[in-house]
Amino acid sequence: MRLHPRAHRGIGALSPSADPLPPAWIVVGREDARIVAVRLDAHGGQLSRTSIPSEELASLIADEDAGTRWVWHDTPAWYPQLLAAGVRVARVHDLRLCHAILRDSATVVDDGGLRAATEWDAAAVVEPAPAALFELDAGAAGPPDDIASALAEFARQRAALDAADDRGRLRLLLAAESAGALIAVEMRTAGLPWDPAEHDRLLSEFLGTRPAAGGMPVRMQQLADEVRAELGDPAASLDSQPKLLRALHRVGILAESTSRWELVRYEHPVIEPLIQYKRLARLYAANGWGWLAEWVHGGRFRPVYVPAGVVTGRWASSGGGALQIPRQLRPAVCADPGWALVVADVAQLEPRVLAAMSGDAALARAARGQDLYAGIVDSGAVPTRAEAKVAILGAMYGATTGDSGRLLPALRRTYPRAMALVDDAARVGEQGGVVSTWLGRTSPTTSAGWRDTQAAAAEPDASGADEARARRRAADRGRFTRNFVVQGTAAEWALVWLADLRTRLAAMDPVDEDRGAPASGPVFSTRPHLAFFLHDEIIVHTPLARADEVAEAVRDAAASAARLLFGRFPVDFPLDLRIAQTAAKD
DNA sequence: GGCCGATGCGCG
DNA sequence: AAAGCGCGCATCGGCC
């Protein structure tokens, strides 16, 4: 694949201060059995129109300037085939994802008909699972893929953007969101390098030897026997919550649920082995040998990432529990021979984002350096690091009681601007309003049920129960909007970090074929590539020879993200970064 | 035999 | 009702 020298400009080209429009847009869509590509000028005027057979799209894109932004209806519907053909796409505008942002954004004052174009509210196209290939409804439909619909929707989106209060921020968000759509497909294609032998070894270590035929692993079986002995019931069911609860009651443990946090409060010899058993049973069921056989093939774990799958803009995943891999299994994430992993996460991303977006200089000062919580202790707001942590989490989540609630007044005195930002967001939510992130992603409006509840409580004949219920639901919504602005802005920071890094990685020199990692596919087998992303953490799989350069790029990208979002506001986003063979924390 | 809500727990 | 946000998945048990 050839890389254009201008590729390194990446999303920086869409930063508010840089040139406002990319050099060219090409909208692609289907027409009959062919693909039509329409080249637009900076004002949306049509410069040319090309009709090609489907199989020629890859070469059309490969031959085009890397600065071109491709506009298409839905990235998962187009991109996997291109990557399989060896073609990387530098920049896109994903109409489906951008539609959702613009549709909901409170900063868009005149939507130009965009909100009425409901066919664009569809879920993403998903490839059918192998087992479902022969079913009639295989795969979700997705938004319209014809060229006329794409052109019309793109025109609406440009008009909506032009009428937005803060075009620079929204434009950055749309660019980053679209880059995320590419990255999600790229990470699935390249896969997360996963060593099945190490996974098997870890399972045997934790669970005990795997029995030949069915049956429970040895260590699990021993714990189960121990628990049943303590319960005095050799046939006790440990996996059915109601049955287990009754068995516990019979030996005098009058817990109301079987969850760990409640069990630990009881003194009884059954508690320890039971909790241990539950831990192992969880690992066995969620990420045991069955998971390994189903999800790891050819040394790669390939989950489906769902960009913006969470209302706040965070990513979700579908299949394989990609975002819930237990830390215990991290050592199984293992670079190919001759390759390394660059593993990086941002320490305390959300409070740092809160400091920046609220312009709270005192909190930003506490955030200088590696440990924000230590900085808070140094400021004298609270005595210990543990208290700083629960206080900050409580502020962002809306705690009202307990240790966390008790510490909030001190936090309000020391960080009034940061606290005012989250308190305001909560108040708006309680009153039924919407809130927006730093770049303009806006929270959902109230549901009909929520409004009915509030209306019922306002009636003259409302009961005390009606009022209590309305207050509770208002408070619930307040905690949601309080957290939305912080979680959502943190997701934007991470997305910009990721997008910027992607561009830097693509600009690096590839290594020779014989040092490649073929399982990563034609585009990524000879160059560093993103392999994993989890809210505030990334893993890059890289040829050993590029590892230091990648680490540098990861840091530079974080600095870029901070600058693109918050300009010169002095807040640190320190990375915990390591170059290693495995993703295990040392 | 499939659907669905509740429960519990993994991740940030 | 884990005080305090956002998810996905496995399992169970009630239901049609």
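Atom set for the values below is all heavy atoms of this structure, side chains included, hydrogens, waters and symmetry mates excluded. Predicted model only: the values in this text are computed from it and were never measured. Letters A, B, ... are given to chains in the order of the sequence lines, protein chains preceding strands, and every chain is numbered from 1.
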Looking at the side chain of [X], which of [options] is the nearest nucleotide?
{"X": "A/F480", "options": "C/dA3, C/dG6, C/dC7", "value": "C/dG6"}
{"X": "A/V390", "options": "C/dC7, C/dG13, C/dG4", "value": "C/dG4"}
{"X": "A/A285", "options": "C/dG6, C/dA10, C/dA3", "value": "C/dA10"}
{"X": "A/A316", "options": "C/dA10, C/dG13, C/dG8", "value": "C/dG8"}

Pairwise 5' ranking along DNA chain C for A/A399 and A/D239, keeping only the more 5' one: A/A399
Upstream residue (5' side of DNA chain C) when A/E262 and A/S317 are each assigned their closest nucleotide: A/E262
What nucleic acid atoms does [X] come within less than 4.0 Å of, heavy atoms only: base, sugar-phosphate, or nothing?
{"X": "A/R479", "value": "sugar-phosphate"}
{"X": "A/G398", "value": "sugar-phosphate"}
{"X": "A/S259", "value": "sugar-phosphate"}
{"X": "A/R482", "value": "nothing"}
{"X": "A/G309", "value": "nothing"}
{"X": "A/L534", "value": "sugar-phosphate"}
{"X": "A/I325", "value": "sugar-phosphate"}

For B/dT7, the Watson-Crick or wobble partner whose two distances fall under 3.5 Å: C/dA10
Parallel, tilted or perpendicular: ring planes of A/F533 versus A/W315, cut at 30 and 60 degrees: perpendicular
Geometric class of the A/W493/A/W497 ring pair [parallel <30°, tilted 30-60°, perpendicular >60°]: tilted
Separation of [N] [atom2] from [X] [atom1] (nearest whole Å):
{"X": "A/N483", "N": "C/dC5", "atom1": "CG", "atom2": "C1'", "result": "4 Å"}
{"X": "A/W261", "N": "B/dT7", "atom1": "CH2", "atom2": "C1'", "result": "12 Å"}
{"X": "A/R406", "N": "C/dG4", "atom1": "CZ", "atom2": "P", "result": "15 Å"}
{"X": "A/R441", "N": "C/dG6", "atom1": "CZ", "atom2": "C1'", "result": "13 Å"}
{"X": "A/L238", "N": "B/dC9", "atom1": "CG", "atom2": "P", "result": "13 Å"}
{"X": "A/W295", "N": "C/dC9", "atom1": "CH2", "atom2": "P", "result": "8 Å"}
{"X": "A/E294", "N": "C/dG8", "atom1": "CD", "atom2": "P", "result": "17 Å"}
{"X": "A/L280", "N": "B/dG10", "atom1": "CG", "atom2": "P", "result": "11 Å"}

Option among A/M216, A/Q221, A/Q222 that satisfies the side-chain contact (heavy atoms from CB on, under 4.5 Å) test with A/V218: A/Q222
Using only side-chain N and O atoms of [X], determine if any of them is under 4.0 Å from OP1 or OP2 of [N].
{"X": "A/K278", "N": "B/dG8", "value": "no"}
{"X": "A/S240", "N": "C/dG13", "value": "yes"}
{"X": "A/T258", "N": "B/dG8", "value": "yes"}
{"X": "A/R260", "N": "B/dG10", "value": "yes"}
{"X": "A/S257", "N": "B/dT7", "value": "no"}

B/dA6 to C/dA2 separation - P atoms, rounded to the nearest Å: 14 Å
C/dA1 and B/dG5, which share atom name P, separated by this distance in whole Å: 16 Å
Side chains of A/Y277 and A/D225, donor plus acceptor under 3.5 Å: no
Carboxylate-amine/guanidinium proximity below 4.0 Å for A/R330 and A/E537: yes
Ion pair A/R352/A/D536, N-O distance below 4.0 Å: no
Side-chain-base donor-acceptor pair under 3.5 Å for A/Q241 and B/dG8: no
Ring centers of A/F566, A/W438 separated by less than 6.0 Å: yes
